[in-house]
Amino acid sequence: MSQAYGYAAQESNTPLAPFSFERREPGPHDVVVEIEFCGVCHSDIHQARNEWKNSKYPMVPGHEIVGKVSAIGAEVTKFKVGDAAAVGVIVDSCRECENCKAHDEQYCLKGAVETYNGKEYDGTPTYGGYSNVIVTNEYFVHTISPKLDPAAVAPLLCAGITTYSPLRHWGVKAGQKVGVVGLGGLGHLGLKFAHSFGAHVVQFTTSLSKAEDAKRLGADEVVNSKDEAQMAKHKGTFDFILDTVSASHDLNAYLGLLKRNGTMCLVGIPEEPAPVAAFSLLANRRSLAGSGIGGMRETQEMLDYCAEHNIVSDIEIISMDQINEAYERVVKADVKYRFVIDMKTLKK
Ligand SMILES: [Zn+2]
Ligand SMILES: [Zn+2]
């Protein structure tokens, strides 16, 4: 075991504070990553505050991890010491089940091991990226290009793959009309990807102050979703809609915008279930779907695509001791568009 340190929530209602814990010695296939940057995902807040009712404490959140390899196990082939490396939302899966074999490790039938607030298969609790170091099997560690700003790469490991994967799965491409609902950490990356894939992209927002920004990020049109006349104009015209909103909202209003055989995919996680009218789906043979992160092969593909097309997250860098204040601002959607912790500011 080696000593690690970071910031943890000790209970659902206490602020994050300095915390020491142990990391395993690297096994033959493990990579030790000294963490340089970690993104702040909205789900870190949900879990630190036990809003999904499955939290285990103490909890070191963080699953958008970028750093440098400081040691490797004897059988590691993908990395050498000094390489840039990244870890996302999961750190293990069985790698034998039907879903793992299909490169969808996030849907592992044995249950994928989450980077934090999870348990390794031997029962050890997992601790995330708000810390100085992480030890992870190389299969779950990604390579990143030196061409991109490492701080701005960090959010790609959750927000990036969460939006890239469904856009790829449903084959978004040039000639299609695609909607993005919500312009936050997820939405702004969904917008960049959909634009980069060549689609005609419509950004839906309720705060028109974001319209200029949406256009800068790649939107061809911006629609105020509170304006019924504007919404009516787009009725039955979309091939695909990516819904990134985590607050309760009316899904039927967006389903009605899909054309024949169109799909709306949910990637945000509102606390309350949403009512769906059957007629919203019957008309035009529409589908309502969901998607969770992406597999390891697709995550690497996404990171390589981002390097090739110069896509990163828009970020605000914070120091580790600003984390509790940052959480308040994320809850108020007061961030453009992702906070990233500079781990140099973490003191032993
Ligand atoms: Zn996340
Ligand atoms: Zn599996």
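Counting convention: from 1, in listed order, for ligands and their atoms alike. Worth saying up front: this structure is predicted, and the values here are computed from it rather than measured. Computation of the quantities below employed the complete heavy-atom set of this structure, encompassing side-chain atoms and omitting hydrogens, waters and symmetry-equivalent molecules.
Under 2.8 Å from the Zn ion (ligand 1), one finds the following protein N/O/S atoms: C41 SG, H63 NE2, C158 SG.
Between the side chains of T14 and E11, no donor-acceptor pair of N or O atoms lies under 3.5 Å.
Taking a cutoff of 4.0 Å between a charged side-chain nitrogen and a carboxylate oxygen, E36 and K68 qualify as a salt bridge.
The tally of protein N/O/S atoms under 2.8 Å from the Zn ion (ligand 2) stands at 4.
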Q.
I'd like to know whether F19 forms a ring pair (Phe, Tyr, Trp, His ring centres under 6.0 Å) with Y57, so could you lay out the CA-CA distance, the side-chain angles of the two residues, the decisive distance to 0.1 Å, and finally the verdict.
A. CA-CA 12 Å; F19 174 66; Y57 299 96; over 10 Å; no
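Sorted by first and then second residue, the side chain to side chain donor-acceptor pair (under 3.5 Å) pairs involving residues 260-274 (not counting sequence neighbours) are N261-R285.
Qualifying ring pair (Phe, Tyr, Trp, His ring centres under 6.0 Å) partners for Y7, counting only residues two or more places apart in sequence or in other chains: none.
Note that the NZ atom of K215 and the CD atom of Q203 stand 11.5 Å from one another [nearest 0.5 Å].
In this structure, K177 satisfies the cation-pi test against F238, with its NZ or CZ atom closer than 6.0 Å to the six-membered ring centre and inside 45 degrees of the ring normal.
No donor-acceptor pair under 3.5 Å is formed between the side chain of D104 and the backbone N or O of G295.
Among R216, K336, R338, the single residue meeting the side-chain contact (heavy atoms from CB on, under 4.5 Å) criterion with D314 is R216.
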